[in-house]
Amino acid sequence: MSDAVQEKLPEVSMPKVRVQKVLAGQKALVTGANSGIGKAVAVALGEAGADVVVNYVVGEDAAQQVVEEIRSHGVDAIAVNADVSREDQVQAMFKQMFEKFGTIDILVNNAGLQRDAPFDRMTLEHWNFVIGVNLTGQFLCAREAVREFKRRGVVKSISCAAGKIICMSSVHEVIPWAGHANYAASKGGVMLMMKSMAQELAPYRIRINSIGPGAIRTPINTAAWSTPEAYEALMKLVPYKRIGEPDDVAQAAVWLASDAADYVNGTTLFVDGGMTLYPGFTEGG
Ligand code: NAD
(Lines give C-alpha, C1' and ligand atoms only; values in the text may rest on other atoms or scores of the structure.)
Protein backbone atom coordinates (compact mmCIF):
# COMPACT_ATOMS: atom_id res chain seq x y z
CA MET A 1 0.00 0.00 0.00
CA SER A 2 1.43 3.41 -0.95
CA ASP A 3 1.93 6.08 1.71
CA ALA A 4 -0.63 8.24 -0.08
CA VAL A 5 -3.37 5.63 0.26
CA GLN A 6 -2.42 4.84 3.83
CA GLU A 7 -2.79 8.50 4.79
CA LYS A 8 -6.45 8.46 3.71
CA LEU A 9 -7.38 5.60 6.08
CA PRO A 10 -9.31 6.75 9.14
CA GLU A 11 -7.79 5.95 12.49
CA VAL A 12 -9.86 3.09 13.87
CA SER A 13 -9.14 0.47 16.47
CA MET A 14 -9.44 -3.19 15.49
CA PRO A 15 -13.14 -4.11 15.11
CA LYS A 16 -14.52 -6.37 17.80
CA VAL A 17 -14.98 -9.92 16.54
CA ARG A 18 -18.69 -10.63 17.06
CA VAL A 19 -20.21 -14.06 17.31
CA GLN A 20 -23.11 -13.96 14.89
CA LYS A 21 -26.35 -15.11 16.45
CA VAL A 22 -27.56 -16.73 13.22
CA LEU A 23 -30.48 -18.43 15.00
CA ALA A 24 -31.59 -15.49 17.14
CA GLY A 25 -35.21 -15.76 18.24
CA GLN A 26 -35.67 -19.32 16.96
CA LYS A 27 -37.04 -22.17 19.05
CA ALA A 28 -35.30 -25.53 18.77
CA LEU A 29 -35.89 -29.04 20.06
CA VAL A 30 -33.05 -31.58 20.16
CA THR A 31 -33.86 -35.19 21.04
CA GLY A 32 -31.41 -37.24 23.09
CA ALA A 33 -29.69 -33.97 24.01
CA ASN A 34 -28.14 -34.96 27.33
CA SER A 35 -25.21 -36.86 25.82
CA GLY A 36 -22.74 -36.94 22.94
CA ILE A 37 -23.73 -35.35 19.64
CA GLY A 38 -27.16 -34.19 20.83
CA LYS A 39 -25.64 -32.31 23.75
CA ALA A 40 -23.09 -30.56 21.50
CA VAL A 41 -25.83 -29.66 19.00
CA ALA A 42 -28.16 -28.30 21.71
CA VAL A 43 -25.39 -26.11 23.16
CA ALA A 44 -24.29 -24.86 19.73
CA LEU A 45 -27.88 -23.94 18.77
CA GLY A 46 -28.13 -22.00 22.05
CA GLU A 47 -24.82 -20.28 21.39
CA ALA A 48 -26.20 -19.28 17.98
CA GLY A 49 -29.18 -17.59 19.66
CA ALA A 50 -31.93 -20.22 19.78
CA ASP A 51 -34.00 -21.15 22.81
CA VAL A 52 -33.68 -24.91 23.21
CA VAL A 53 -35.69 -27.86 24.50
CA VAL A 54 -33.27 -30.51 25.77
CA ASN A 55 -35.03 -33.86 25.40
CA TYR A 56 -33.84 -36.84 27.41
CA VAL A 57 -35.21 -40.28 28.24
CA VAL A 58 -32.87 -41.15 31.13
CA GLY A 59 -30.31 -38.96 32.91
CA GLU A 60 -32.18 -35.91 34.20
CA ASP A 61 -29.08 -34.48 35.94
CA ALA A 62 -27.09 -34.53 32.70
CA ALA A 63 -30.02 -32.86 30.91
CA GLN A 64 -30.15 -30.10 33.55
CA GLN A 65 -26.43 -29.49 33.11
CA VAL A 66 -26.96 -29.02 29.38
CA VAL A 67 -29.81 -26.60 30.15
CA GLU A 68 -27.48 -24.55 32.40
CA GLU A 69 -24.76 -24.50 29.76
CA ILE A 70 -27.22 -23.29 27.12
CA ARG A 71 -28.58 -20.59 29.46
CA SER A 72 -25.03 -19.30 30.01
CA HIS A 73 -25.23 -18.09 26.39
CA GLY A 74 -28.09 -15.72 27.30
CA VAL A 75 -30.95 -17.78 25.84
CA ASP A 76 -33.58 -19.94 27.48
CA ALA A 77 -33.66 -23.74 27.74
CA ILE A 78 -35.72 -26.45 29.42
CA ALA A 79 -35.23 -30.19 29.86
CA VAL A 80 -38.17 -32.37 28.83
CA ASN A 81 -38.42 -36.09 29.49
CA ALA A 82 -39.86 -38.23 26.67
CA ASP A 83 -39.21 -41.55 25.00
CA VAL A 84 -39.21 -40.60 21.30
CA SER A 85 -40.57 -44.01 20.32
CA ARG A 86 -43.79 -43.38 22.28
CA GLU A 87 -46.46 -41.33 20.50
CA ASP A 88 -48.13 -40.13 23.71
CA GLN A 89 -44.83 -38.99 25.21
CA VAL A 90 -43.73 -37.20 22.03
CA GLN A 91 -47.04 -35.34 21.84
CA ALA A 92 -46.79 -34.37 25.51
CA MET A 93 -43.24 -33.09 24.91
CA PHE A 94 -44.32 -30.84 22.02
CA LYS A 95 -47.25 -29.56 24.12
CA GLN A 96 -44.81 -28.64 26.88
CA MET A 97 -42.56 -26.91 24.35
CA PHE A 98 -45.42 -24.87 22.89
CA GLU A 99 -46.58 -23.84 26.37
CA LYS A 100 -43.06 -22.61 27.18
CA PHE A 101 -41.79 -21.23 23.85
CA GLY A 102 -44.99 -20.85 21.77
CA THR A 103 -43.77 -22.66 18.67
CA ILE A 104 -40.92 -24.61 17.02
CA ASP A 105 -38.55 -23.50 14.25
CA ILE A 106 -35.87 -26.22 14.37
CA LEU A 107 -36.14 -29.93 15.18
CA VAL A 108 -32.99 -32.00 15.49
CA ASN A 109 -34.00 -35.67 15.43
CA ASN A 110 -30.88 -36.95 17.17
CA ALA A 111 -31.91 -39.70 19.64
CA GLY A 112 -30.56 -43.07 18.62
CA LEU A 113 -29.06 -46.29 19.87
CA GLN A 114 -27.55 -49.61 18.85
CA ARG A 115 -28.34 -53.22 19.82
CA ASP A 116 -25.82 -55.23 17.83
CA ALA A 117 -25.86 -58.95 17.05
CA PRO A 118 -24.94 -61.40 14.28
CA PHE A 119 -27.96 -61.53 11.98
CA ASP A 120 -29.14 -65.04 12.92
CA ARG A 121 -28.92 -64.18 16.62
CA MET A 122 -30.69 -60.83 16.41
CA THR A 123 -33.89 -60.99 18.41
CA LEU A 124 -37.14 -59.43 17.24
CA GLU A 125 -37.05 -57.36 20.42
CA HIS A 126 -33.65 -55.87 19.48
CA TRP A 127 -34.81 -55.29 15.89
CA ASN A 128 -37.98 -53.50 17.02
CA PHE A 129 -36.19 -51.53 19.73
CA VAL A 130 -33.66 -50.00 17.31
CA ILE A 131 -36.21 -49.34 14.55
CA GLY A 132 -38.61 -47.93 17.19
CA VAL A 133 -36.18 -45.30 18.47
CA ASN A 134 -34.03 -44.55 15.41
CA LEU A 135 -36.74 -44.52 12.73
CA THR A 136 -40.22 -44.42 14.27
CA GLY A 137 -38.96 -41.92 16.87
CA GLN A 138 -37.80 -39.60 14.09
CA PHE A 139 -41.16 -39.98 12.32
CA LEU A 140 -43.17 -39.16 15.47
CA CYS A 141 -41.15 -36.04 16.32
CA ALA A 142 -41.02 -34.83 12.71
CA ARG A 143 -44.80 -35.21 12.35
CA GLU A 144 -45.48 -32.98 15.37
CA ALA A 145 -42.98 -30.38 14.14
CA VAL A 146 -44.43 -30.36 10.60
CA ARG A 147 -47.97 -29.89 11.95
CA GLU A 148 -46.78 -26.73 13.74
CA PHE A 149 -44.68 -25.49 10.77
CA LYS A 150 -47.72 -25.79 8.47
CA ARG A 151 -50.05 -24.14 10.99
CA ARG A 152 -47.74 -21.17 11.55
CA GLY A 153 -46.04 -20.73 8.16
CA VAL A 154 -43.09 -18.44 7.49
CA VAL A 155 -42.34 -15.63 9.92
CA LYS A 156 -39.95 -13.49 7.87
CA SER A 157 -38.38 -11.74 10.85
CA ILE A 158 -37.32 -15.15 12.21
CA SER A 159 -36.32 -17.24 9.17
CA CYS A 160 -36.87 -17.60 5.39
CA ALA A 161 -38.26 -21.08 6.09
CA ALA A 162 -41.41 -22.18 7.89
CA GLY A 163 -39.31 -24.78 9.67
CA LYS A 164 -36.18 -26.88 9.52
CA ILE A 165 -35.68 -30.52 10.47
CA ILE A 166 -32.28 -32.14 10.77
CA CYS A 167 -32.29 -35.93 10.97
CA MET A 168 -29.24 -37.44 12.64
CA SER A 169 -28.49 -40.27 10.28
CA SER A 170 -25.12 -42.01 9.85
CA VAL A 171 -22.61 -43.06 7.23
CA HIS A 172 -24.53 -46.33 7.63
CA GLU A 173 -27.41 -44.93 5.61
CA VAL A 174 -25.16 -45.89 2.66
CA ILE A 175 -22.42 -48.16 4.10
CA PRO A 176 -23.67 -51.67 4.90
CA TRP A 177 -22.68 -52.78 8.43
CA ALA A 178 -22.28 -56.46 9.28
CA GLY A 179 -23.57 -57.30 12.74
CA HIS A 180 -25.67 -54.13 12.82
CA ALA A 181 -28.49 -54.89 10.37
CA ASN A 182 -31.12 -53.25 12.59
CA TYR A 183 -29.08 -50.05 12.93
CA ALA A 184 -28.17 -49.82 9.24
CA ALA A 185 -31.81 -50.51 8.27
CA SER A 186 -32.98 -47.73 10.60
CA LYS A 187 -30.55 -45.20 9.10
CA GLY A 188 -31.33 -46.28 5.52
CA GLY A 189 -34.97 -45.76 6.45
CA VAL A 190 -34.21 -42.30 7.83
CA MET A 191 -32.60 -41.39 4.49
CA LEU A 192 -35.70 -42.08 2.38
CA MET A 193 -38.08 -40.73 5.02
CA MET A 194 -36.04 -37.50 5.02
CA LYS A 195 -35.98 -37.27 1.20
CA SER A 196 -39.70 -38.07 0.86
CA MET A 197 -40.57 -35.46 3.47
CA ALA A 198 -38.31 -32.90 1.81
CA GLN A 199 -40.02 -33.48 -1.55
CA GLU A 200 -43.51 -33.27 -0.05
CA LEU A 201 -42.94 -30.30 2.23
CA ALA A 202 -40.70 -28.03 0.15
CA PRO A 203 -43.70 -26.07 -1.25
CA TYR A 204 -44.52 -25.11 2.34
CA ARG A 205 -40.96 -23.75 2.73
CA ILE A 206 -40.11 -26.54 5.15
CA ARG A 207 -36.55 -27.83 4.80
CA ILE A 208 -35.59 -31.36 5.78
CA ASN A 209 -31.98 -32.57 5.70
CA SER A 210 -29.80 -35.16 7.39
CA ILE A 211 -26.35 -35.19 8.88
CA GLY A 212 -24.41 -38.41 8.35
CA PRO A 213 -21.74 -38.58 11.05
CA GLY A 214 -18.82 -40.96 10.64
CA ALA A 215 -16.91 -41.99 13.76
CA ILE A 216 -17.57 -39.39 16.45
CA ARG A 217 -16.12 -39.62 19.96
CA THR A 218 -19.27 -40.29 22.06
CA PRO A 219 -20.52 -42.97 24.48
CA ILE A 220 -22.36 -44.86 21.68
CA ASN A 221 -19.07 -46.16 20.21
CA THR A 222 -16.58 -46.06 23.11
CA ALA A 223 -15.21 -49.48 22.16
CA ALA A 224 -14.14 -48.13 18.75
CA TRP A 225 -11.83 -45.38 20.09
CA SER A 226 -11.01 -45.91 23.77
CA THR A 227 -7.87 -48.07 23.35
CA PRO A 228 -4.84 -47.28 21.12
CA GLU A 229 -5.40 -50.55 19.20
CA ALA A 230 -9.06 -49.79 18.55
CA TYR A 231 -8.23 -46.20 17.54
CA GLU A 232 -5.56 -47.40 15.10
CA ALA A 233 -7.98 -49.87 13.53
CA LEU A 234 -10.63 -47.15 13.28
CA MET A 235 -8.23 -44.80 11.49
CA LYS A 236 -7.95 -47.30 8.63
CA LEU A 237 -11.55 -46.29 7.86
CA VAL A 238 -10.97 -42.53 8.13
CA PRO A 239 -8.92 -40.86 5.35
CA TYR A 240 -8.68 -37.63 7.39
CA LYS A 241 -6.91 -39.64 10.16
CA ARG A 242 -8.67 -38.25 13.20
CA ILE A 243 -11.81 -39.17 15.05
CA GLY A 244 -14.69 -36.70 14.80
CA GLU A 245 -15.70 -34.64 17.81
CA PRO A 246 -19.34 -33.85 18.72
CA ASP A 247 -18.67 -30.20 17.89
CA ASP A 248 -17.77 -31.12 14.29
CA VAL A 249 -21.39 -32.27 13.95
CA ALA A 250 -22.81 -29.40 16.00
CA GLN A 251 -21.30 -26.72 13.73
CA ALA A 252 -22.77 -28.48 10.68
CA ALA A 253 -26.18 -28.53 12.40
CA VAL A 254 -26.07 -24.79 13.13
CA TRP A 255 -25.33 -24.05 9.48
CA LEU A 256 -28.00 -26.43 8.15
CA ALA A 257 -30.58 -24.89 10.50
CA SER A 258 -29.64 -21.32 9.53
CA ASP A 259 -30.86 -19.27 6.58
CA ALA A 260 -27.34 -19.55 5.13
CA ALA A 261 -28.47 -23.05 4.07
CA ASP A 262 -31.88 -21.89 2.79
CA TYR A 263 -31.49 -23.60 -0.61
CA VAL A 264 -30.28 -26.88 0.90
CA ASN A 265 -33.13 -29.37 1.04
CA GLY A 266 -33.40 -33.15 1.01
CA THR A 267 -29.72 -33.92 1.26
CA THR A 268 -27.38 -35.67 3.68
CA LEU A 269 -24.33 -33.73 4.80
CA PHE A 270 -21.71 -36.34 5.69
CA VAL A 271 -19.47 -35.22 8.55
CA ASP A 272 -17.14 -38.19 8.42
CA GLY A 273 -13.53 -37.26 7.59
CA GLY A 274 -14.05 -39.09 4.31
CA MET A 275 -15.33 -42.41 5.68
CA THR A 276 -17.81 -42.63 2.79
CA LEU A 277 -14.95 -42.37 0.24
CA TYR A 278 -14.30 -46.14 0.19
CA PRO A 279 -10.93 -45.79 2.00
CA GLY A 280 -10.16 -49.48 1.24
CA PHE A 281 -9.54 -48.35 -2.36
CA THR A 282 -6.75 -45.93 -1.35
CA GLU A 283 -4.23 -48.65 -2.08
CA GLY A 284 -6.41 -51.43 -3.45
CA GLY A 285 -8.81 -51.74 -6.36
P1 NAD B 1 -25.13 -41.18 22.71
O2 NAD B 1 -25.42 -42.53 23.20
O3 NAD B 1 -24.15 -40.33 23.43
O4 NAD B 1 -26.48 -40.33 22.56
C5 NAD B 1 -27.71 -40.88 22.19
C6 NAD B 1 -28.79 -40.13 22.93
O7 NAD B 1 -30.08 -40.65 22.53
C8 NAD B 1 -28.70 -40.31 24.45
O9 NAD B 1 -28.96 -39.07 25.06
C10 NAD B 1 -29.81 -41.30 24.73
O11 NAD B 1 -30.30 -41.23 26.06
C12 NAD B 1 -30.84 -40.84 23.71
N13 NAD B 1 -31.92 -41.80 23.52
C14 NAD B 1 -31.84 -43.14 23.33
N15 NAD B 1 -33.07 -43.67 23.25
C16 NAD B 1 -33.94 -42.64 23.38
C17 NAD B 1 -35.36 -42.53 23.40
N18 NAD B 1 -36.13 -43.63 23.26
N19 NAD B 1 -35.92 -41.32 23.56
C20 NAD B 1 -35.16 -40.22 23.71
N21 NAD B 1 -33.82 -40.25 23.73
C22 NAD B 1 -33.22 -41.44 23.56
O23 NAD B 1 -24.68 -41.37 21.19
P24 NAD B 1 -24.34 -40.31 20.04
O25 NAD B 1 -23.17 -40.81 19.35
O26 NAD B 1 -24.33 -38.92 20.56
O27 NAD B 1 -25.59 -40.54 19.07
C28 NAD B 1 -26.44 -39.51 18.63
C29 NAD B 1 -26.97 -39.82 17.25
O30 NAD B 1 -25.88 -39.80 16.32
C31 NAD B 1 -27.62 -41.20 17.10
O32 NAD B 1 -28.77 -41.09 16.27
C33 NAD B 1 -26.56 -42.03 16.42
O34 NAD B 1 -27.10 -43.10 15.67
C35 NAD B 1 -25.91 -40.98 15.54
N36 NAD B 1 -24.57 -41.32 15.09
C37 NAD B 1 -23.52 -41.36 15.96
C38 NAD B 1 -22.26 -41.69 15.49
C39 NAD B 1 -21.03 -41.73 16.37
O40 NAD B 1 -19.95 -42.11 15.89
N41 NAD B 1 -21.10 -41.36 17.62
C42 NAD B 1 -22.07 -41.98 14.14
C43 NAD B 1 -23.17 -41.94 13.28
C44 NAD B 1 -24.42 -41.60 13.78
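Atoms within each ligand, like the ligands themselves, are counted from 1 in listed order.
In Asn55, the part holding a heavy atom less than 4.0 Å from any atom of ligand 1 is the side chain. By the criterion of a heavy-atom distance under 4.0 Å, the side chain of Leu113, and not its backbone, is placed next to ligand 1. Only the side chain of Asn221 comes within 4.0 Å of ligand 1, judged by heavy-atom distances.
Among protein heavy atoms, the minimum distance from atom 37 (C) of ligand 1 is reached at Ile37 CD1, 3.7 Å. When only non-hydrogen protein atoms are considered, atom 33 (C) of ligand 1 lies nearest to Tyr183 OH, 3.6 Å.
Judged as a side-chain contact (heavy atoms from CB on, under 4.5 Å), and not counting sequence neighbours, the contacts of Ala44 are Ala250, Gln251, Val254.
Looking at Asn134 and Ser186, their side chains do bring a donor and an acceptor atom within 3.5 Å of each other. Between the side chains of Thr267 and Asn209, no donor N or O sits under 3.5 Å from an acceptor N or O. Residues Gln65 and Lys39 have side chains that never bring a donor and an acceptor to within less than 3.5 angstrom of each other.
On a distance-only criterion, Ser85 and ligand 1 share no N/O pair closer than 3.5 Å. Not one N or O of Asn134 is nearer than 3.5 Å to an N or O of ligand 1, by distance alone. In terms of polar-atom proximity, Val58 is not counted as a contact of ligand 1, lacking any N or O under 3.5 Å from an N or O of the ligand.
Remark: distances from the non-hydrogen atoms of Gly59 to ligand 1 are all 4.0 Å or more. Under the 4.0 angstrom criterion for non-hydrogen atoms, Pro246 is not in contact with ligand 1. The shortest separation from a heavy atom of Lys187 to ligand 1 is under 4.0 Å, placing the residue in contact. Contact analysis puts Ala82 in contact with ligand 1, with a non-hydrogen atom separation below 4.0 angstrom. For the pair Thr31 and ligand 1, no heavy-atom separation below 4.0 Å is found. In this structure, Ala215 is part of the shell of residues with a heavy atom less than 4.0 angstrom from ligand 1.
Heavy-atom proximity to atom 40 (O) of ligand 1, evaluated over Thr218, Val271, Asn110, Ile216, is greatest for Ile216. The closest heavy-atom contact to atom 5 (C) of ligand 1, among the options Ser170, Gly212, Gly112, comes from Gly112.
Closer than 4.0 Å to atom 10 (C) of ligand 1 lies none of the heavy atoms of the protein.
Glu148 pairs in a side chain to side chain contact (heavy atoms under 4.5 Å, CB included) with only one of the listed residues (Lys150, Arg151, Glu144), which is Arg151.
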